Amino acid sequence: MKLLLKPIQWLYILYAAIIFVGVMLLILPFIFLASFLGRIKGGNVIYYFLWFWSRTWFPAVGIFVKRIYKYDRKDKTPFIYVVNHSTYLDAALAVGVMRLPFRPLGKIEMQKIPLFGFIYKHAVVPVDRSDAKARSRSVRELIATIKEGVSILIFPEGTTNDTDKPLTPFHNGAFRIAIETQTALQPVLYLDCKDRLPRSKVARLNPGRCRIVYLPPVRVDGMTMEDLPALKQQVFDIMEKELLSYR
């Protein structure tokens, strides 16, 4: 049976890749033009095209997104979204399901990918985790972005979670920025991305559902850096408990 299904799987992967690249090529000229509008305005415009790309590709390949709101947000003030990270599919999903405008923190290595790297360069705040000075520059850019009224998205685990645990330990960055800018954190859970793209192996991409859970924000009003460990643990516990409830 597996031998019979193998060709079907590869045809599906080929189809998904063609749609992925095709829509990207369609929006690339507009992204190129928007890149001349500046870091904030141009970046915001770029994200509306990426939103179109994400909203087109996912249903086209049979991945259907279900949103679960445990918090009905009505205000438009910037948030720091903290999201669990289990697969490369998370980034593609984010641009279609997070409230615009926002900017994610992303690995600088992704800029080297042909075609995609150009879009990536103008869509994220890149970080070189091997360079302390580069990490500091990225944090300053994220803070400046929030002050411009644009939300940011950070995967606090730092990299994809390849363990069987709901979460891996969080880094300090998101919580340090939250306290420094007095910006609320909103935990968001991506529940099924690992099932759709197991262990970030493209050859195992498959159709199905992707559930997104928007949790209530965690306020940081009046907190100082002394509160950072407790804040980080608080958010970790909230996300871990909710993830376990869906298993």
Side-chain angles (χ1 to χ4, degrees), residues 23-57 71 73-83 85 90-113 115-129 131-156 158 171-188 190 212 214 217-221:
V23 179
M24 189 176 293
L25 286 172
L26 180 66
I27 66 174
L28 185 60
F30 301 100
I31 289 177
F32 176 76
L33 293 173
S35 68
F36 292 101
L37 298 177
R39 185 177 61 86
I40 296 299
K41 185 178 180 180
N44 291 348
V45 172
I46 286 170
Y47 261 84
Y48 283 101
F49 286 105
L50 292 178
W51 176 90
F52 167 77
W53 166 68
S54 180
R55 290 293 186 98
T56 301
W57 185 76
Y71 167 65
R73 181 180 176 189
K74 293 182 172 63
D75 67 273
K76 294 184 178 180
T77 56
F79 273 6
I80 298 174
Y81 298 112
V82 283
V83 186
H85 195 18
D90 297 338
L93 182 64
V95 295
V97 301
M98 307 307 293
R99 173 175 283 190
L100 300 179
F102 80 95
R103 300 288 187 282
L105 181 68
K107 298 176 182 177
I108 197 168
E109 295 86 355
M110 301 291 285
Q111 293 183 8
K112 298 177 182 178
I113 301 175
L115 180 64
F116 176 79
F118 175 82
I119 298 175
Y120 185 87
K121 179 180 178 180
H122 291 89
V124 309
V125 175
V127 59
D128 183 353
R129 299 187 187 280
D131 187 328
K133 290 184 178 179
R135 292 198 302 270
S136 296
R137 284 196 300 270
S138 298
V139 169
R140 291 196 297 271
E141 186 173 343
L142 289 171
I143 291 172
T145 299
I146 289 175
K147 291 180 178 178
E148 291 283 352
V150 177
S151 297
I152 63 173
L153 182 149
I154 295 177
F155 297 112
H171 294 276
N172 289 339
F175 311 97
R176 184 178 300 278
I177 294 170
I179 292 172
E180 186 168 338
T181 61
Q182 292 292 284
T183 302
L185 297 144
Q186 184 177 9
V188 180
Y190 295 170
I212 316 299
Y214 302 88
V218 177
R219 303 288 177 185
V220 298
D221 301 341

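All values derive from a computational prediction rather than experimental measurement.
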- Task: Could you tell me which non-hydrogen atom of Leu185 sits nearest to which non-hydrogen atom of Ala174, and how far apart they are?
- Result: CD2-O, 4.0 Å
- Query: At their closest point, which heavy atom of Leu153 faces which heavy atom of Met98, and how far apart are they?
  - Reply: CD1-CG, 3.8 Å
- Task: Can you sort out the partners of Pro217 under side-chain contact (heavy atoms from CB on, under 4.5 Å), two or more places apart, ordered by chain and number?
- Result: Tyr71, Phe79, Ala184, Arg219
- Query: Partners of Pro156 by side-chain contact (heavy atoms from CB on, under 4.5 Å), sequence neighbours excluded?
  - Reply: Val82, Phe170, Phe175
- Task: Work out which heavy atom in Thr181 is nearest to a heavy atom in Ile177; give both atom names and the distance.
- Result: OG1-O, 2.7 Å
- Query: Can you tell me how far CD of Glu141 sits from CG of Leu105, rounded to the nearest 0.5 angstrom?
  - Reply: 9.5 Å
- Supply the atom-to-atom distance Asp90 CG to His85 NE2, rounded to the nearest 0.5 angstrom. 5.5 Å
- Item | For Thr56, side chain to side chain donor-acceptor pair (under 3.5 Å) partners two or more places apart | none
- Which pair of heavy atoms, one from Tyr81 and one from Val188, lies closest together, and at what distance? CD2-CG2, 4.1 Å
- Query: If every non-hydrogen atom of Pro78 is compared with every non-hydrogen atom of Ser151, which pair is closest and at what distance?
  - Reply: CA-OG, 3.3 Å
- Note on the structure: Here the gap from Ile154 atom CD1 to Ser138 atom OG, rounded to the nearest 0.5 Å, amounts to 10.0 Å
Can you list, pair by pair, the side-chain donor-acceptor contacts under 3.5 Å of residues 45-53, counting residues two or more places apart and other chains?
{"residue": "Tyr47", "atom": "OH", "partner": "Ala123", "partner atom": "O", "Å": "2.5"}
{"residue": "Trp53", "atom": "NE1", "partner": "Phe20", "partner atom": "O", "Å": "3.4"}

List the atom pairs, with distances to 0.1 Å, where a side-chain N or O of residues 26-42 and a protein N or O form a donor-acceptor pair under 3.5 Å, not counting sequence neighbours.
{"residue": "Ser35", "atom": "OG", "partner": "Phe32", "partner atom": "O", "Å": "2.5"}
{"residue": "Arg39", "atom": "NH1", "partner": "Thr145", "partner atom": "OG1", "Å": "3.2"}

- Between the side chain of Arg55 and the main-chain N/O of Gly96, is any donor-acceptor distance below 3.5 Å? yes
- Task: Mind checking the CD1-CD spacing from Ile143 to Glu180? Nearest 0.5 Å is all I need.
- Result: 3.5 Å
- With the side chain counted from C-beta on, respond yes when Ile152 and Phe102 share a heavy-atom pair under 4.5 Å apart, and no when they do not. no
- Taking side chain to side chain donor-acceptor pair (under 3.5 Å) as the test, write out the residues that go with Ser54, two or more places apart. none
